[in-house]
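Notes follow the structure.
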Amino acid sequence: MFEDVRDLYNATIIERGRRPQHMHRLEAFDATAQGDNPMCGDRVRVWVKFATDGAIAETGFDARGCEISKASADLMVEAVQGRQPADARALFAAFRTLAQTGQCPACAEALAPLLPLASVHEYPSRVKCATLAWQALVAALDQPAGTTGETSRE
Amino acid sequence: MNAIPPLFDVARVRAQFPILSQTVRGKQLVFLDSAASAQKPRAVIDAMVGAMETQYANIHRGLHWMSERTTDAYEATRDAAARLLNARDRHEIVFVRNSTEAINLVAHSYGRGIMKPGQAVLISGMEHHSNIVPWQMLRDAHGTELRVAPVNEAGELDMAAFEALLADGRVGLVAITHMSNVLGSYTPAERIAKLAHAHGAKVLFDGSQAIVHRRVDVQAIDADFYCFTGHKLYGPTGIGVLWARRELLDAMPPWMGGGDMISSVTYERSTWAEVPHKFEAGTPAILEGIGLHAAIQFMEGIGYDAIAAHEAALTEHALARLSAIEGVRVIGRAQDRGGVVSFTLDRAHAHDVATLLDRQGIAVRAGHHCAEPLMRSLGLDSTARASFGIYTTPDEIDVLADTLGRIREFFA
Ligand SMILES: Cc1ncc(COP(=O)(O)O)c(C=O)c1O
């Protein structure tokens with residue numbers, strides 16, 4: 001009956017949505033922020049720890065929401081690992097285009113781990129589920145060092 | 001003599017809603033989201049298009065034929081709304097954009113104009129955001145208090161707690177839903193009004209959901225304010241009604257200034273038009289008002305007895321079918337309830353459920369339903385919600401139930 005939703009609810013998304021590998025709070029972190037989707041009540045909090053060179057050393061998250069938002073947060077953690085904040089932002093921009101349109105014009109290799117979410121563009125009301133964790137991440141990256149807790153709204 | 005319930009022929013009702021023959025993603029549409037906004041019958045569509053094609057002009061100001069015809073048509077809606085609510089006086093009907101605007105009007109005009117700082121507004125634990133936020137804004141701007149009467153396990157207003165919150169006599173206004181858009185529960189309007197009045201408070205009912213399913217008589221309830229929104233009553237968006245007792249409207253200051261709401265204007269001062277026009281600044285939603293008249297006539301044509309009987313049967317069927325599915329939990333078990341059924345599925349989040357239902361052409365709502373505080377008190381962040389209208393059939397509920405069972409297997 002649901003063969004047509006397997007493009008979005010594929011094995012990776014179901015697995016990551018159900019058993020996320022990075023859904024935990026970081027004990028020591030440099031920045032944290034929360035993303036809220038007021039449309040549906042989804043909420044993601046992201047914690048980030050930076051390496052001495054400013055790159056993202058570790059990311060963790062906590063999510064209240066659907067399979068898509070959890071799976072996306074989980075894949076995001078891996079995609080931004082070791083990247084400089086500017087690169088993580090650029091990756092979000094590319095991912096957002098992918099999520100909204102299904103296209104990734106300059107489809108960098110970095111985007112590969114996020115491709116399981118590519119068909120979310122065919123579910124317009126679910127695109128925000130896929131981008132919420134990224135919103136929170138960028139809000140955390142935007143914070144001046146030493147502040148926490150800013151809320152980002154998509 | 002017992003009245004024989006009028007025959008309700010759902011196929012004939014459905015035939016009047018052009019949209020219901022649509023297919024969605026190749027499947028027959030199963031529209032179970034009427035509580036968010038209802039579909040429109042042919043009569044409403046034709047009334048609006050007909051007005052545009054034959055007589056449209058601005059109202060209350062033209063001296064020409066077109067304007068007079070359109071003014072008459074628009075004002076006839078006021079009579080229809082007064083009849084629908086059994087208002088004493090057609091001047092008690094104030095046109096607004098929707099329920100949200102009606103409640104904000106009361107919060108501004110009655111709240112700031114008549115209530116005193118230190119008085120309290122009492123709402124319930126199952127309000128839509130539109131009946132929470134205006135009272136918070138009033139609290140912050142005017143120094144009133146905001147009290148919340150809890151809802152019990154079954155999803156009914158806790159009447160003992162409600163009464164206790166009135167006891168100190170400081171509540172100036174009770175503002176409460178007449179039917180929950182999440183739990184489907186009705187509130188006992190007559191008892192609420194009686195208790196409120198006994199403690200010196202006025203009472204406003206948010207009838208956005210209730211009036212769709214049940215006859216409302218503001219005099220029998222002994223309400224002070226009652227509001228509803230046209231688009232849930234099979235009418236257009238952009239038009240709603242605030243009913244209030246004449247003496248309250250007379251005493252209340254206007255909240256928006258402009259054309260139509262004045263009697264005369266000089267640079268020194270202006271004087272206000274009579275009610276209800278005092279509260280109707282600017283060119284109103286003329287076509288939508290005309291459409292609302294058609295919607296009210298449509299409801300009256302079917303009759304609330306038939307509507308209520310049809311929807312009670314649907315609700316009973318839905319509760320039985322959904323409760324029988326393993327892993328489905330129905331949220332809200334009020335004794336007195338209507339055709340709005342919220343539920344959760346153990347294996348999947350409500351959004352995922354809604355997306356999979358949508359792929360089968362079944363439209364439900366998922367989320368917090370603009371009632372975040374209620375959801376929080378239930379320990380939930382979202383539910384799926386199926387809601388029924390006059391065009392809903394038992395077969396559609398069966399399709400929903402069967403599909404939910406399959407969704408559960410999908411997420412096994
Ligand atoms: C109980 C209740 N109150 C108020 C509203 C607000 O209606 P509107 O958005 O038309 O103002 C709704 C519907 O959204 C509702 O269900």
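Here is how names work: the chains are called A, B, and so on, in the same order as the sequence lines, proteins then strands, and each is numbered from 1. What's counted below: heavy atoms across the whole structure, side chains too, no hydrogens, waters or symmetry copies.
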Whether over 12 other heavy atoms sit under 6.0 Å from B:Arg97 CZ =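 At most 12 heavy atoms, drawn from other residues, nucleotides or ligands, come within 6.0 Å of this atom.
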Toward chain A, the part of B:Glu409 with a non-hydrogen atom under 4.5 Å =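 No part of B:Glu409 comes within 4.5 Å of chain A.
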What are the two closest heavy atoms between B:Arg347 and A:Glu67, and how far apart are they?
->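 Looking at all heavy atoms of both residues, the closest pair is O-OE2, 4.4 Å.
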Looking only at heavy atoms, the pair that brings A:Phe2 and B:Leu356 closest together is CE2-O, 3.6 Å
Under 4.5 Å, heavy atom to heavy atom: which of residues 7-23 of chain A reach chain B? Give them by number, or say none.
->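 Within residues 7-23 of chain A, near chain B: A:Tyr9, A:Ile14, A:Arg18.
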Is there a side-chain contact between B:His351 and A:Ile68, using heavy atoms and a 4.5 Å cut-off?
->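 They are not in side-chain contact.
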Close side-chain approach of B:Arg359 to A:Tyr123, heavy-atom, < 4.5 Å =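 Yes. Closest side-chain heavy atoms under 4.5 Å.
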Rounded to the nearest 0.5 Å, how far apart are CE of A:Met1 and CD1 of B:Ile407?
->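 CD1 of B:Ile407 is found 8.0 Å from CE of A:Met1.
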Report the distance from atom CZ of A:Arg43 to atom CG of B:Asp381, rounding to the nearest 0.5 Å.
->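 Between atom CZ of A:Arg43 and atom CG of B:Asp381 there are 9.5 Å.
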Could you check A:Asp42 against B:His349 for side chain to side chain contact (heavy atoms under 4.5 Å, CB included), going step by step and ending with a plain yes or no?
-> CA-CA 11 Å; A:Asp42 276 3; B:His349 190 276; 3.9 Å; yes
